Undergrad: 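Have a look at this one before I ask anything.
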Amino acid sequence: MSKEILRTVNLFKAFHLGETIYAVNDVNITLKAGTLNVIVGPSGSGKSTLLSLLGGLDRPISGDIILDGQSYAALSEDELAMLRRRKLGYVFQFFNLIPHLTALENVMLPMQFIGMSHRAAKERATMLMEKVGLEKRLRHLPLQLSGGEQQRVAIARALANQPALVLADEPTGNLDTQNRDEIVALFKQLNEEDGQTFVMITHDPSMRHHAHQVFEMIDGKVTAVDNG
Amino acid sequence: MSSFIFLLCKRLHRFRFPYLLAAFLVAAVLTAALLYQGYVNALSSQFRGRLTHPTIPGAIMARQLPGVQPPVVVNAQPLLKLHIWDINTRHGNLQIAGVASTTLADWPLPQPGEVWLPESLKGQVFDEEVGDTIALTHLGNQGRSTATARVAGYYADGGFLNPLLVSQAWVASWLDEEAGSIILAYPEAALNELRRWEGNNEKAELIRQNDVVQNATNLVGSIYAGGQGVILLGVVFLALGLGILAMLVFLDSRGEFAVLKALGLRPRTVGRLLWAEFAVTVAVGLGIGWVILLLTARQVGFPLAIDTHLFRYGLLLVAIAYLVALVAPARLARVALVNELMLGRPILLWKQIIGKPVERHPAFHDLLEQGLTCLKLERDGQGFRGAILQAVGARVKQGEPLAFLPVWFGMGEKHYVAPHDGILRVVDPGRGVIGIAPIQKGGEKNEQGNTENRKSI
């Protein structure tokens with residue numbers, strides 16, 4: 001049985017918009033290493049907020065997240081940044097590549113943050129770019145790449161530091177059908193061949209089909225867990 | 001190359017236009033401020049030089065207005081007298097030129113028949129060499145008197161007091177009257193006599209050299225004071241300009257900073273990026289400003305007295321403007337959470353944790369008597385305006401958030417937390433109080449569950 005990689009404990013996140021709105025309401029989930037996890041739910045159900053909390057991009061009002069034995073609640077902002085640097089990878093819906101860096105430099109960046117030498121970072125970034133099928137686009141700026149290619153660069157960047165967990169917020173939501181299928185296949189390949197753990201928000205039925213766990217969210221609560 | 005330097009170079013290239021603008025702003029303000037300061041320095045330096053050179057030690061100047069008789073009561077010989085003469089030089093006839101006779105020790109003492117010419121007019125008015133002759137024609141009340149004098153040399157007049165100098169004894173023997181002459185200086189010893197003369201003559205005026213120097217010093221001081229005001233305005237303008245540019249760069253970088261933080265760049269490093277980018281910009285601006293300053297000084301052609309001391313002063317001014325301008329954007333970049341940057345949510349600058357219960361309060365007297373721990377909520381006329389996170393009956397742990405109140409347009413939040421483990425008995429936003437009952441021995445069951453009364457989207 002694979003080991004637990006992440007656990008949430010009574011997780012709450014509220015916004016005060018005239019009245020208090022609970023975007024995440026007492027969520028308790030567990031993820032296992034090497035699994036592909038999918039969060040589904042209607043718009044406004046709190047999926048992205050939950051993913052942000054799991055990734056340490058936002059702070060809950062109460063509750064805790066434990067990643068690889070490390071509690072988020074006990075961490076300062078600096079320590080949380082170090083955790084993100086080493087153990088987490090992100091893929092955003094709108095790619096969020098740094099526009100003035102080339103594709104290769106975007107992938108190298110997280111490795112430079114952990115102090116990897118320029119040469120080693122370049123070698124690994126090139127390898128990752130080959131893995132996502134973009135070995136001929138190393139010197140291109142994000143604006144010179146198609147949406148599917150940008151998302152592949154973002155995936156390569158997320159994998160740069162061999163994170164324990166990769167979080168993806170609707171990674172195929174901004175892509176056409178062909179690119180969407182290719183990205184889904186890439187996630188599946190990375191999960192099956194490399195044992196990479198993923199949590200992703202998606203509306204893609206095929207991704208749901210491949211998932212080991214599916215969490216369904218409604219009104220900030222995880223209402224159903226489908227174990228594949 | 002470290003990731004910091006790498007990002008710094010890339011971002012400087014990306015934001016080259018605003019940064020170039022900022023650099024020129026620094027250069028312009030620095031140049032303007034230092035030019036002004038240099039100008040004032042030069043001015044005051046020359047001004048002081050005019051007063052003290054040539055030196056008239058302990059002198060008193062007696063100014064006579066037209067029609068006033070010379071101070072005949074004064075027995076002492078004047079140190080310096082000025083006569084209005086015509087002078088024939090190689091360049092031709094000069095009308096209304098001053099010829100002074102002097103006995104001042106620091107000045108050249110011409111022999112009879114000699115004349116000393118002012119150095120400041122050499123080449124402009126006088127081409128005469130030593131040994132040449134000059135014709136002097138005195139325009140007195142009795143008519144014209146003419147004499148010829150041999151040029152004995154040029155004297156350093158400081159560019160201000162530039163009469164021709166001749167022997168007083170020679171002038172006295174040659175002229176039979178003193179009308180039309182101006183007494184420029186008397187020795188201090190004649191002060192009492194001069195005062196009497198001044199008292200008897202309403203058109204006469206005595207000016208002591210020390211008073212003149214003092215007045216000049218005050219005048220220069222006031223010019224400096226005005227200069228400080230101008231420079232202060234420059235600093236405010238510079239800080240404002242840099243601040244706006246820094247804020248624009250920050251706003252344009254929100255998405256990028258969000259991604260960098262998501263990838264693990266430390267918050268303080270993000271703040272330092274902005275500081276460093278503007279430090280480079282300011283340094284470039286100082287360099288440009290310094291070059292412009294030197295070129296302008298050379299072009300203007302008179303010494304602007306721009307020295308290292310002055311430049312250090314300029315550096316200090318720019319440093320103040322830089323610090324004032326960068327403090328807000330750099331702090332925002334540092335403290336903002338990734339989602340606040342990425343989603344454009346208000347950036348929480350500070351959070352106050354309130355967990356200290358009130359011990360006595362007339363409004364909560366009844367609750368306190370029931371043994372409840374009371375947390376006082378901040379309220380206005382309509383009660384507590386924040387969010388209550390827990391419902392009556394909820395079991396809470398020490399430090400667990402119970403309510404929060406956004407303040408300062410969402411830039412700050414007050415978080416009310418449970419002071420100890422317990423069960424919520426009273427949640428009254430109208431009265432502004434939360435009452436918590438301590439857990440009895442053996443525990444007390446959560447009456448409504450922790451989450452049932454929470455509102456969800």
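Naming convention: chains lettered A, B, ... in sequence-line order (proteins, then strands); numbering from 1 in each chain. No experiment lies behind these values; they were computed from the predicted model shown.
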Undergrad: Using non-hydrogen atoms and a 4.5 Å limit, figure out which bit of A:I114 sits close to chain B: side chain, backbone, both or neither.
TA: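 Neither; nothing under 4.5 Å.
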Undergrad: Is the backbone of B:V259 close enough, under 3.5 Å, to the side chain of A:Y90 for a donor and an acceptor to pair up by distance?
TA: no
Undergrad: With chain B as the partner chain, list the residues of residues 79-88 of chain A whose heavy atoms fall under 4.5 Å from it, by residue number, and write 'none' if nothing qualifies.
TA: A:A81, A:M82, A:R84, A:R85
Undergrad: Check whether A:P99 gets within reach of chain B through its side chain, its backbone, both or neither, counting any heavy atom under 4.5 Å.
TA: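 Side chain only.
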Undergrad: Can you give me every donor-acceptor pair (side chain of residues 401-411 of chain B, partner residue at least two apart or in another chain, under 3.5 Å) with its distance?
TA:
none

Undergrad: Using non-hydrogen atoms and a limit below 4.5 Å, what part of residues 325-344 of chain B faces chain A?
TA: B:L337, B:V338, B:N339, B:M342
Undergrad: Once you round to the nearest 0.5 Å, how far does OG of B:S3 lie from CE of A:M108?
TA: 10.5 Å
Undergrad: Take atom CZ of B:F4 as the centre, draw a 6.0 Å sphere, and report whether it contains more than 12 heavy atoms from other residues, nucleotides or ligands.
TA: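 Yes, enclosed.
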Undergrad: Report the distance from atom CG of B:L389 to atom OH of A:Y22, rounding to the nearest 0.5 Å.
TA: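 Spacing of CG (B:L389) from OH (A:Y22) equals 4.0 Å.
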Undergrad: Does any backbone or side-chain atom of A:I98 lie under 4.5 Å from a heavy atom of chain B? Answer side chain, backbone, both or neither.
TA: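 The side chain, not the backbone.
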Undergrad: So do A:E105 and B:F6 actually touch side chain to side chain, heavy atoms under 4.5 Å?
TA: yes
Undergrad: Applying a heavy-atom distance below 4.5 Å, give me the residues of residues 263-270 of chain B that approach chain A, sorted by number.
TA: B:L263, B:G264, B:L265, B:R266, B:P267, B:R268
Undergrad: At a heavy-atom separation under 4.5 Å, does A:L97 approach chain B through its side chain, its backbone, both, or neither?
TA: neither
Undergrad: Using the side chain to side chain donor-acceptor pair (under 3.5 Å) definition, which of the options B:K10, B:R11, B:H13, B:E256 pairs with A:H100?
TA: B:E256
Undergrad: In Å and rounded to the nearest 0.5 Å, what is the NZ to OG distance from B:K397 to A:S62?
TA: 10.0 Å
Undergrad: For atom CZ of A:R7, is the number of surrounding heavy atoms from other residues, nucleotides or ligands below 6.0 Å larger than 12?
TA: no
Undergrad: Would you call B:R345 and A:F15 a side-chain contact if the rule is heavy atoms closer than 4.5 Å?
TA: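 With C-beta onward as the side chain, the pair touches.
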